Amino acid sequence: MKFGIDSFADGAPIGRRSFLKINAALAGTAALGMSGCSKLSACSARGKIVIVGGGAAGISMASRLLGKLEHPDITLIDPSDRQYYQPGFTFVAAGIWKGEEIWRPQSKCIPEGVKWVKDSVVGLDPVRQAVQTSCKGTFDYDFLVLTPGLQLDWDGVEGISQATLGEGNAHCIYDFEGAQKTWAAVQQFVKRGGRGVYADTYTKHKCGGAPKKICLLTEHLSRKEGTREKLQFDYFTAEKALYDVPYYTPRLEEIYDERHISITTNRRVKGIDTLAQKVYMEDRVKTKEMVFDEKLQKEVEVEKEIGVPVIEDYDFLHFVPPMSAPDFVKQSGLAWTEGKLASGGWVMVDKETLVHKTFPNVVSLGDVAGIPTSKTSSAIRIQVPVAVDNLIALMEGRAPERKYDGYACCPIVTDYGHVLLCEFDYDKKEKISFPFSLQDMSREQASAWWLKMYFLKPMYFNAMLTGWM
């Protein structure tokens, strides 16, 4: 069964006149967002550019650079056969879209004029300015654009792997096949009843709203099917709070309370027993102990964090594995070595210019970039023009001047028909885009559902990847 807005939206649907106004406003916004990729303003600077990674960031960069450079010499290295619209995984898991609706052949997404090396990167040498691939050898560069995305560390959760997703009714929508399995399981769970356990992860991860979305959508589906009284919903987060953007958090917490979904904070998933349908977690609690300080030559009290084991039974489980930069990035000498971003191996770039702090001929953006913002395609859309302009500045021997303010957007789907559209910057301050600034975006809106349902996917394939937005 496939559901859409007409069968699920609560309350009155958005009117035709309002829809047309929003449509026109979005079109105008899109036009303003174009970066002027015109040969009339092309740059004559030359240089061999290698882009590692052919996802949203890599292909968008390639497309824009083609329009900005008179003599583009761009090699893009990526092994993928398909280009996925990854924000659509949630809609697949909720039965709104089918799997085949959210991908296109990678060959149709790589822009003409870019040399595509269909291979995996296994090593980076920023001193030699070389990229080592699995099968096709080494590629030298003058400038490197590092956009390989991130990796899902399935081995960070014992008892399950990417290949065994779905066993024991344990699911994850961060995987294409996993999202499809989730929809089949959601329908059975809503029909039969039981306890649903939903959990995020303790590392930085892409689309932090995804586990919240599938929890809320499943709960709404159970109400639509008239089975809500048969289900229990419990949400576990590794963070200190359900959400960390003050403008949106109160309403999100209110929604969970209204729907009787419990929230447990500071809880990490460690393992899953799929046979017994138990999830092994640990509470992160702070404790104090006395230790001997060599410098002071006396015992002092220090605070430390420990994990307290907890076991939860479930009938349906959605979990998120830990995530990190790809191994070849961690081992490259390009990652942070200290601070909060060091543990994930994220690339050490300036958070405003997106230029590497040690190797100024390296630019990095997207999920792999070590910057304190959410890892979303909306963030990438704003990062790309900054990265392109600053890369061209470097090619021309100028200092990079354009700055990224940390903008990211997380459309938290609260039901089949409404979205809490969370837009914010590095300071976690709301940064609401027109035309949504005309509404109270601290609450879920039907207009934001229309944006996610009908605009963002074609915008991704037809405007963002082509370099027009």
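Since the model is a prediction, treat every value here as computed from it, not as a measurement. Index from 1, following the sequence.
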Query raised in the report: Which atom names give the shortest non-hydrogen contact between Ala210 and Ile173, and what distance separates them?
Result: O-CD1, 3.9 Å

Query raised in the report: Quick one: does Asn390's side chain have a donor or acceptor within less than 3.5 Å of a partner on Glu401's backbone?
Result: yes

Query raised in the report: Are side-chain heavy atoms of Lys240 and Asn266 found at a separation under 4.5 Å?
Result: yes

Query raised in the report: Under 3.5 Å, is there a donor-acceptor pair between the side chain of Lys375 and the main chain of Lys206?
Result: no

Requested in this report: Please check if any side-chain donor atom of Ser324 sits under 3.5 Å from a side-chain acceptor atom of Gln151, or the reverse.
Outcome: yes

Query raised in the report: Which heavy atom of Tyr247 sits nearest a heavy atom of Glu430, and at what distance?
Result: CB-OE1, 3.5 Å

**Report entry** Side-chain touch Asp315/Asn169, heavy atoms, less than 4.5 angstrom
**Finding:** no

**Report entry** Plane angle bin for Tyr243 and Phe424 - parallel if under 30°, tilted between 30 and 60°, otherwise perpendicular
**Finding:** perpendicular

**Report entry** Short side-chain donor-acceptor distance under 3.5 Å, Glu282 and Tyr202
**Finding:** no

**Report entry** Smallest separation among heavy atoms of Pro360 and Leu394, with atom names
**Finding:** O-CD1, 3.0 Å

Query raised in the report: Rounded to the nearest 0.5 Å, how far apart are CG of Leu216 and CG of Leu252?
Result: 6.5 Å

Query - Donor-acceptor under 3.5 Å (Gln162 side chain, Gly178 main chain) - result: no

Query raised in the report: Where do Asp415 and Val413 come nearest, in terms of heavy atoms and distance?
Result: O-CG1, 3.3 Å

Query raised in the report: Does some side-chain heavy atom of Val363 sit less than 4.5 Å from a side-chain heavy atom of Val349?
Result: no

Query raised in the report: Phe91 and ring-ring contact (aromatic ring centres under 6.0 Å, His included): which partner among Tyr454, Tyr416, Trp183, Trp449?
Result: Trp449

Query raised in the report: With a 4.5 Å limit on heavy-atom distance, are the side chains of Glu253 and Asp257 in contact?
Result: no

**Report entry** Polar side-chain atom of Thr237 near backbone of Leu242 as donor-acceptor pair, under 3.5 Å
**Finding:** no

Report task. Give, for atom OG1 of Thr466 and atom CE of Met469, the distance between the pair rounded to the nearest 0.5 Å. Result -> 10.5 Å

Requested in this report: Taking Lys191 for its side chain and Glu225 for its backbone only, find out whether a donor-acceptor pair lies under 3.5 Å.
Outcome: no

Query raised in the report: Phe461 vs Tyr85 aromatic rings, parallel, tilted or perpendicular, using cut-offs 30° and 60°?
Result: tilted

Query raised in the report: Does atom CD of Glu303 have more than 12 heavy-atom neighbours from other groups under 6.0 Å away?
Result: yes

Query raised in the report: Can you find a heavy atom in the side chain of Phe319 that is under 4.5 Å from one in the side chain of Ile272?
Result: yes

**Report entry** Atom pair CD1/CG of Ile110 and Asp78 - distance to nearest 0.5 Å
**Finding:** 6.5 Å

**Report entry** Side chain to side chain, His318 and Cys215, heavy atoms closer than 4.5 Å
**Finding:** no

Report task. Might you work through the side-chain contact (heavy atoms from CB on, under 4.5 Å) test for Gln383 and Ile371, ending with a clear yes or no? Result -> CA-CA 11 Å; Gln383 292 167 18; Ile371 52 179; 3.7 Å; yes

**Report entry** Spacing of CG belonging to Leu165 relative to CD belonging to Gln180, to within rounding of 0.5 Å
**Finding:** 12.0 Å

Query raised in the report: Just checking, is any N or O donor in the side chain of Glu423 or Tyr407 under 3.5 Å from an acceptor N or O on the other one?
Result: yes

Report task. Take Phe143 and Leu65 through the side-chain contact (heavy atoms from CB on, under 4.5 Å) test and state the conclusion after the steps. Result -> CA-CA 12 Å; Phe143 299 92; Leu65 286 168; over 6 Å; no

Query raised in the report: Would you say the side chain of Lys452 lies within less than 4.5 Å of the side chain of Pro87, judging by non-hydrogen atoms?
Result: yes

Query raised in the report: Gln106 versus Ile59: any side-chain heavy-atom pair under 4.5 Å?
Result: yes

Report task. Mind listing the closest non-hydrogen atom pair of Thr376 and Cys409 along with its distance? Result -> OG1-O, 3.6 Å

Requested in this report: Applying side-chain contact (heavy atoms from CB on, under 4.5 Å), run through Met453 and Ile96 and close with a yes or a no.
Outcome: CA-CA 9 Å; Met453 180 77 179; Ile96 299 165; 3.6 Å; yes

Query raised in the report: When rounded to the nearest 0.5 angstrom, what is the spacing between CD1 in Ile392 and CG in Leu69?
Result: 5.0 Å

Requested in this report: Not counting sequence neighbours, list each pair that qualifies as a salt bridge (charged side-chain N to carboxylate O under 4.0 Å, His left out) and has a residue in residues 431-445.
Outcome: Arg251-Glu444, Glu254-Arg443, Asp405-Lys431

Query raised in the report: Is a side-chain donor or acceptor of Glu167 paired with a backbone partner of Ile160 at a separation under 3.5 angstrom?
Result: no

Report task. Kindly indicate, with the supporting measurements, whether the criterion side-chain contact (heavy atoms from CB on, under 4.5 Å) is fulfilled by Lys403 and Val386. Result -> CA-CA 6 Å; Lys403 296 182 178 181; Val386 174; 5.8 Å; no

**Report entry** Arg82 CZ: over 12 foreign heavy atoms closer than 6.0 Å
**Finding:** yes

Requested in this report: Taking the six-membered ring for Trp and the single ring otherwise, decide whether the centroids of Tyr404 and Tyr426 are under 6.0 Å apart.
Outcome: yes

Query - Pair Arg195 + Asp234, salt bridge at N-O below 4.0 Å - result: yes

Query - Distance, nearest 0.5 Å, that separates CZ of Phe236 from CG of Leu317 - result: 10.0 Å

Query raised in the report: Is any NZ, NE, NH1 or NH2 atom of the basic residue among Arg228 and Glu219 found under 4.0 Å from an Asp or Glu carboxylate oxygen of the other?
Result: yes

Report summary line: Nearest heavy-atom contact between Gly366 and Ile380 is CA-CG1, 3.6 Å

Report task. Could you tell me whether a side-chain N or O of Thr373 sits under 3.5 Å from a main-chain N or O of Gly406, the two making a donor and an acceptor? Result -> yes

Query raised in the report: Does NZ in Lys230 sit with more than 12 non-hydrogen atoms of other residues, nucleotides or ligands closer than 6.0 Å?
Result: yes

**Report entry** Main-chain N/O of Thr353 paired with Asp350 side-chain donor or acceptor, under 3.5 Å
**Finding:** yes

Query raised in the report: Would you say the side-chain atoms of Trp97 pair up with the backbone N or O of Ile102, donor to acceptor, closer than 3.5 Å?
Result: no

**Report entry** Any donor-acceptor N/O pair, Thr147 side chain to Gly53 backbone, under 3.5 Å
**Finding:** yes

